[in-house]
Amino acid sequence: MIGVFAGSFNPFTIGHDSIVRRALPLFDRLVIGVVGQQVNKPGQPSAEERAEAIRRIYTHEPRISVEPYYGLAIDFARQQGAHFIVKGVRSVKDFEYERDQADVNRQLSHGEVETVLIYAEPHLAAVSSSLVRELQHYGQDVSAYLPQPHNS
């Protein structure tokens, strides 16, 4: 069974890492799909750069692959042979957005791709990529919010 965890991951945070670690036991393989449509804003890393940074975290985990993609997550999931899209949920707002996306993805895939929601661990519920980017913008040390490479 293959799952796809798709997002912009700009940057990939400890919250994202928590979702990956908790989703991995559910699948034989987990593909982290890095959205490429962030229309390379000046100073923002490309999808390839973000994917490479994530690959370094999971170097020692053969069941995880990281791929940039362009287009819809549902199309990427089908290209990967996945029947599941994994999404992290921090709040009611996230839940409502992801529920709507899941409904559309189910329609587009004719029921072949299901969405699995994994709730954020309570101590990570406030961690977001936009928060980390804002802290970086103001020169704050964000290393506590960024995962380190796993050894196994």
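Each residue takes its place number in the sequence, starting with 1.
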Salt bridge flag under 4.0 Å for residues Glu96 and Arg99 | no
Looking at Ala126 and Leu131, what are the two nearest heavy atoms and their distance?
-> O-CD2, 3.6 Å
Starting from the C-alpha separation in whole Å, work towards a yes-or-no answer on side chain to side chain contact (heavy atoms under 4.5 Å, CB included) for Glu98 and Gln101.
-> CA-CA 5 Å; Glu98 296 301 347; Gln101 290 295 307; 4.2 Å; yes
Are Ile32 and Val127 connected in the hydrophobic side-chain network, where two residues link if heavy atoms are under 4.5 Å apart?
-> no
Under 3.5 Å, is there a donor-acceptor pair between the side chain of Gln140 and the main chain of Val142?
-> no
Do Arg78 and Ser109 have side-chain atoms, one donor and one acceptor, less than 3.5 Å apart?
-> no
Any link between Val89 and Ile14 through a network of hydrophobic side chains (Ile, Leu, Val, Met, Phe, Trp, Tyr) touching at under 4.5 Å?
-> no
Could you give the distance from OG (Ser129) to CD (Gln136), rounded to the nearest 0.5 Å?
-> 9.5 Å
Atom CG in Leu30, atom CE in Met1: separation rounded to 0.5 Å?
-> 11.5 Å
Measuring from Glu61:CD to Arg29:CZ, what's the distance to the nearest 0.5 Å?
-> 12.0 Å
Apply side chain to side chain contact (heavy atoms under 4.5 Å, CB included) to Phe76 and Ile85, showing your working.
-> CA-CA 10 Å; Phe76 177 70; Ile85 294 176; over 6 Å; no
Within a radius of less than 6.0 Å around CD of Glu134, do more than 12 heavy atoms belonging to other residues, nucleotides or ligands occur?
-> no
Over all atoms of both residues, closest heavy-atom pair of Val113 and Ala77 = CG1-CB, 4.4 Å
Taking all non-hydrogen atoms of both residues, which atom of Arg90 and which atom of Ala125 are closest, and how far apart?
-> CD-O, 3.4 Å
Arg50 side chain to Val35 main-chain N or O, any donor-acceptor pair under 3.5 Å?
-> yes
Can you tell me how far the CG atom of Asp103 sits from the OG1 atom of Thr115, to the nearest 0.5 Å?
-> 8.5 Å
Check whether Ile57 and Leu146 end up in the same hydrophobic cluster, where Ile, Leu, Val, Met, Phe, Trp and Tyr are linked by side-chain heavy atoms less than 4.5 Å apart.
-> no
Would you check if there is a donor-acceptor pair between the side chains of Asp94 and Tyr119 at a distance under 3.5 Å?
-> no
Cluster question for you: counting only ILVMFWY and a side-chain heavy-atom cut-off of under 4.5 Å, with indirect links fine, are Val86 and Ile54 together?
-> yes
Would a distance-only check, ignoring hydrogens and angles, find a side-chain to backbone donor-acceptor pair under 3.5 Å from Lys87 to Phe95?
-> no
Tell me whether Ile74 is reachable from Ile2 by hopping between hydrophobic residues (I, L, V, M, F, W, Y) whose side-chain heavy atoms are closer than 4.5 Å.
-> no
What one should report as the nearest heavy-atom pair of Ala82 and Val4 is CB-CG2, 3.6 Å
Looking only at heavy atoms, which two atoms of Ala47 and Gly36 are closest? And how far apart?
-> CB-CA, 3.5 Å
Are the side chains of Val20 and Phe12 in touch, meaning some heavy atoms are under 4.5 Å apart?
-> yes
To the nearest 0.5 Å, tell me how far Leu135 CG sits from Tyr145 OH.
-> 6.0 Å
Take Glu114 and His83 through the side chain to side chain contact (heavy atoms under 4.5 Å, CB included) test and state the conclusion after the steps.
-> CA-CA 6 Å; Glu114 196 59 60; His83 291 282; over 6 Å; no
CZ (Arg22) and CD (Glu121) are apart, to the nearest 0.5 Å, by 4.5 Å
Specify the closest pair of heavy atoms between Ser18 and Leu124, including all atoms of both residues, with the distance to one decimal.
-> CB-CD1, 3.6 Å
Stepwise, does the side chain to side chain contact (heavy atoms under 4.5 Å, CB included) test hold for Arg63 with Phe27?
-> CA-CA 9 Å; Arg63 296 182 303 145; Phe27 303 101; over 6 Å; no
Non-hydrogen side-chain atoms of Asn10 and Pro45 separated by less than 4.5 Å | yes
For Phe5, all residues meeting ring-ring contact (aromatic ring centres under 6.0 Å, His included), sequence neighbours excluded | Phe9
